[in-house]
Protein chains: 2
Amino acid sequence: MAKRPADPANAGATAARQVPMRDFSRSLPMSLLRAREAVMRQFRPSLREHGLTEQQWRILRALAAIEAAEVTELARTAFLLGPSLSRILRDLEARNLIERKTAKADLRRSMVSISEKGVKLMASVAPSSEAIYSEITRRYGARKLAELQDMLAELERSLAELGASDEAIAEE
Amino acid sequence: MAKRPADPANAGATAARQVPMRDFSRSLPMSLLRAREAVMRQFRPSLREHGLTEQQWRILRALAAIEAAEVTELARTAFLLGPSLSRILRDLEARNLIERKTAKADLRRSMVSISEKGVKLMASVAPSSEAIYSEITRRYGARKLAELQDMLAELERSLAELGASDEAIAEE
DNA sequence: CGCATTCGCTTAACATGTTAAGTACTTCTC
DNA sequence: GAGAAGTACTTAACATGTTAAGCGAATGCG
């Protein structure tokens, strides 16, 4: 047990029982985390069977949809940070699932595209992946799912302009 | 089941444009990931200023609310896997933010509690954290936020019974 | 042209996510 | 009451998240 300071105004452990900060399990980040985990738990086994991690799968999907892209663009699409993407691309390239070639106009940029082998791998994973998604949709309800996505999108929008660093350093 | 089996010869990057899987950015895992990131982006700077990571903060909050807990219980509450928690507790203990003592009844178990110093640290972080949460609530709308949480909770429930294990029987 | 600055990407370093294996202790069973 | 089986936690190993620094290639400007 923590011996606690007799200062209730501090919202320390003492106050925690009586005036808990928002119930921990109801905090928005936790709700989102748990929901996402519940969803991903469905997909991971299938991906794993095909030797793919969640992030690798995201990258392949993104590439299949846009044909070819620069690394930065791909990072934005697959929602990965540069360093993570850099590592994963190295591995995917070693496995011949993607191809890279530097742009002629700008030697800093490299264009990434999915390979023949990558396409085949995707084709082998997609059915199971779609089936899982369908089952999720069926259980939760298609309409409700769409509504949820809308609400999540609006949440993003609501927070978009709130500075990414501490306090708005308005950058225009 | 495959709604539309992809023809490898035809499902290359080119075909992907005509028959994309669900628009990537609208997939549920991506929506949840982006929404959560949008939220956490607000909190991270403040936590970082106090030398805490998101997970460490989760643990402290959980401990403050329940006084003392076994490691396994704490893992469930803070939604962390055992190995992650084990490492973090080691670090938090080294920083004297938590205390550990093995239970007398069962020497395998150890009871974890927040320390005096941990309580003070929480007290110094909480105001800013609450302020951020309030701002998020204000922007998004309290009612809408509650509704979102409910929908997320139901999503969890919907998927709860879907096996976390098998699902991959297609192997023979 | 010369050169500081910016840009695109990678590497580095550390913390966590994830799965598997290990360790120490408990309980069950005969 | 000794071994088998289970439990609580930790370690290990690898992949990713996250921030900072590095590097080569453009770009801006004198």
Side-chain angles (χ1 to χ4, degrees), chain A residues 29 33-34 36-49 51-59 69-76 78-95 97-98 100-112 164-166 171, chain B residues 29 33-34 36-41 43-49 51-59 69-76 78-95 97-98 100-112 164-165 168:
Chain A
L33 180 58
R34 282 202 311 259
R36 185 176 140 80
E37 179 54 29
V39 173
M40 284 314 302
R41 196 185 345 260
Q42 313 302 320
F43 288 98
R44 261 190 276 268
S46 164
L47 290 177
R48 187 172 179 74
E49 269 181 31
L52 288 175
T53 66
E54 177 196 336
Q55 292 80 359
Q56 291 166 352
W57 176 238
R58 286 220 299 271
I59 292 172
E70 301 170 10
V71 173
T72 300
E73 181 189 358
L74 186 55
R76 189 172 39 72
F79 209 69
L80 291 170
L81 293 181
S84 295
L85 182 54
S86 206
R87 278 178 308 215
I88 301 174
L89 287 181
R90 168 164 44 75
D91 299 344
L92 290 180
E93 188 174 23
R95 289 163 66 184
L97 293 174
I98 64 163
R100 255 200 284 208
K101 51 182 179 183
T102 54
K104 317 144 192 65
D106 187 338
L107 298 185
R108 293 171 305 182
R109 299 164 193 269
S110 69
M111 302 302 289
V112 185
S165 36
D166 35 7
E171 63 208 41
Chain B
L33 179 58
R34 282 201 312 257
R36 185 177 140 80
E37 179 53 29
V39 173
M40 284 314 302
R41 201 191 333 268
F43 289 99
R44 261 189 276 268
S46 164
L47 290 177
R48 186 172 179 74
E49 271 179 30
L52 288 175
T53 66
E54 175 195 338
Q55 291 81 1
Q56 291 166 351
W57 176 239
R58 286 219 300 271
I59 292 172
E70 301 170 9
V71 174
T72 300
E73 181 189 358
L74 187 56
R76 188 171 40 74
F79 208 70
L80 292 170
L81 293 180
S84 296
L85 181 55
S86 206
R87 279 178 306 214
I88 301 173
L89 287 181
R90 167 165 42 76
D91 299 344
L92 290 180
E93 189 175 23
R95 289 163 63 184
L97 294 174
I98 64 163
R100 253 199 288 209
K101 52 183 179 182
T102 54
K104 317 155 192 56
D106 187 338
L107 298 185
R108 294 169 306 182
R109 300 165 193 269
S110 68
M111 302 303 287
V112 186
S165 50

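What you see below is based on every heavy atom in this structure, not just the backbone, and it leaves out hydrogens, waters and symmetry mates. Every chain is numbered from 1, with letters handed out A, B, ... down the list of sequences. Keep in mind that what you see is a predicted model, and the values were worked out from it rather than measured.
- The distance between atom CZ of A:Phe79 and atom P of D:dG17, rounded to the nearest whole Å, is 10 Å.
- Going from atom CG of A:Leu80 over to atom P of D:dT16 covers 9 Å, rounded to whole Å.
- Look at A:Gln55 and you'll find a side-chain N or O under 4.0 angstrom from OP1 or OP2 of D:dG17.
- A sub-4.0 Å separation between OP1 or OP2 of C:dA15 and a side-chain N or O of B:Arg90 is absent.
- No contact: A:Leu85 has no heavy atom under 4.0 Å from any strand.
- Remark: C1' of C:dT18 and CD of A:Gln56 are 13 Å apart, rounded to the nearest angstrom.
- Listed nucleotides D:dT16, C:dT10, D:dT10 differ in distance to B:Arg100; the shortest reach to its side chain belongs to D:dT10.
- The side chain to side chain donor-acceptor pair (under 3.5 Å) test applied to A:Arg90 returns no partner, not counting sequence neighbours.
- Going from atom CG of A:Leu47 over to atom CD of A:Gln42 covers 12.0 Å, rounded to the nearest 0.5 Å.
- Summarising the geometry, the separation between CZ on B:Phe43 and C1' on D:dT18 is reported as 18 Å, rounded to the nearest angstrom.
- Taking all atoms of both residues into account, the shortest heavy-atom contact from A:Val71 to A:Leu85 is O-CD2, 3.3 Å.
- At a cut-off of 3.5 angstrom, counting only N and O atoms as typed in the model, there is no donor on one side facing an acceptor on the other between the side-chain of A:Arg44 and the base of C:dG17.
- Contact between the side-chain N/O atoms of A:Thr72 and the OP1/OP2 oxygens of C:dC9 is found at a separation under 4.0 Å.
- B:Leu33 CG to A:Leu80 CG: the interatomic distance, rounded to the nearest 0.5 Å, is 8.5 Å.
- Comparing atom distances between the A:Arg87 side chain and each of D:dT18, D:dA13, C:dG8 picks out D:dT18 as nearest.
- Within the 4.5 Å cutoff, the side chain of A:Arg95 has heavy atoms near those of the A:Leu52 side chain.
- Protein atom CG of A:Leu33 is 13 Å distant from nucleotide atom C1' of D:dG17, rounded to whole Å.
- In this structure, A:Glu73 reaches neither bases nor backbone, as no heavy-atom distance under 4.0 Å exists between it and the strands shown.
- Within the 3.5 Å criterion, the main-chain N or O of A:Glu70 finds no donor-acceptor partner in the side chain of A:Arg109.
- A sub-4.0 Å separation between OP1 or OP2 of D:dT19 and a side-chain N or O of B:Arg41 is absent.
- Residue contacts for A:Thr53: at a heavy-atom cut-off of 4.0 Å it reaches the sugar-phosphate backbone alone, with no base atom in range.
- With contacts defined as side-chain heavy-atom distances shorter than 4.5 Å, the pair B:Arg58/B:Gln55 qualifies.
- Partners of B:Arg100 by side chain to side chain donor-acceptor pair (under 3.5 Å), not counting sequence neighbours, listed by chain and number: B:Glu93.
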Nucleotide N/O of nucleotides 20-26 of chain D paired with protein N/O under 3.5 Å:
| unit_1 | atom_1 | unit_2 | atom_2 | d |
| --- | --- | --- | --- | --- |
| D:dA26 | OP1 | A:Leu107 | N | 2.7 |

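- Between the C1' atom of C:dT18 and the CD1 atom of B:Ile88 lies a distance of 13 Å, rounded to the nearest Å.
- Nearest-nucleotide assignment on DNA chain C puts the 5′-proximal partner with A:Leu89, out of A:Leu89 and B:Leu81.
- Legend: residues meeting side chain to side chain contact (heavy atoms under 4.5 Å, CB included) with A:Pro29, ordered by chain and number and at least two apart, are A:Ser27, B:Arg36, B:Val39, B:Met40, B:Phe43, B:Tyr133.
- Going from atom CD of B:Glu37 over to atom P of C:dT16 covers 16 Å, rounded to whole Å.
- In this entry the distance linking CG of B:Leu47 with P of C:dA15 reads 16 Å, nearest Å.
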Using nucleotides 2-4 of chain C, report all nitrogen or oxygen pairs with the protein that are shorter than 3.5 Å.
none

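- Residue A:Ser86 is in base contact, counting any heavy-atom pair closer than 4.0 Å across all strands shown.
- A search for salt bridge (charged side-chain N to carboxylate O under 4.0 Å, His left out) contacts involving B:Arg76 returns nothing, not counting sequence neighbours.
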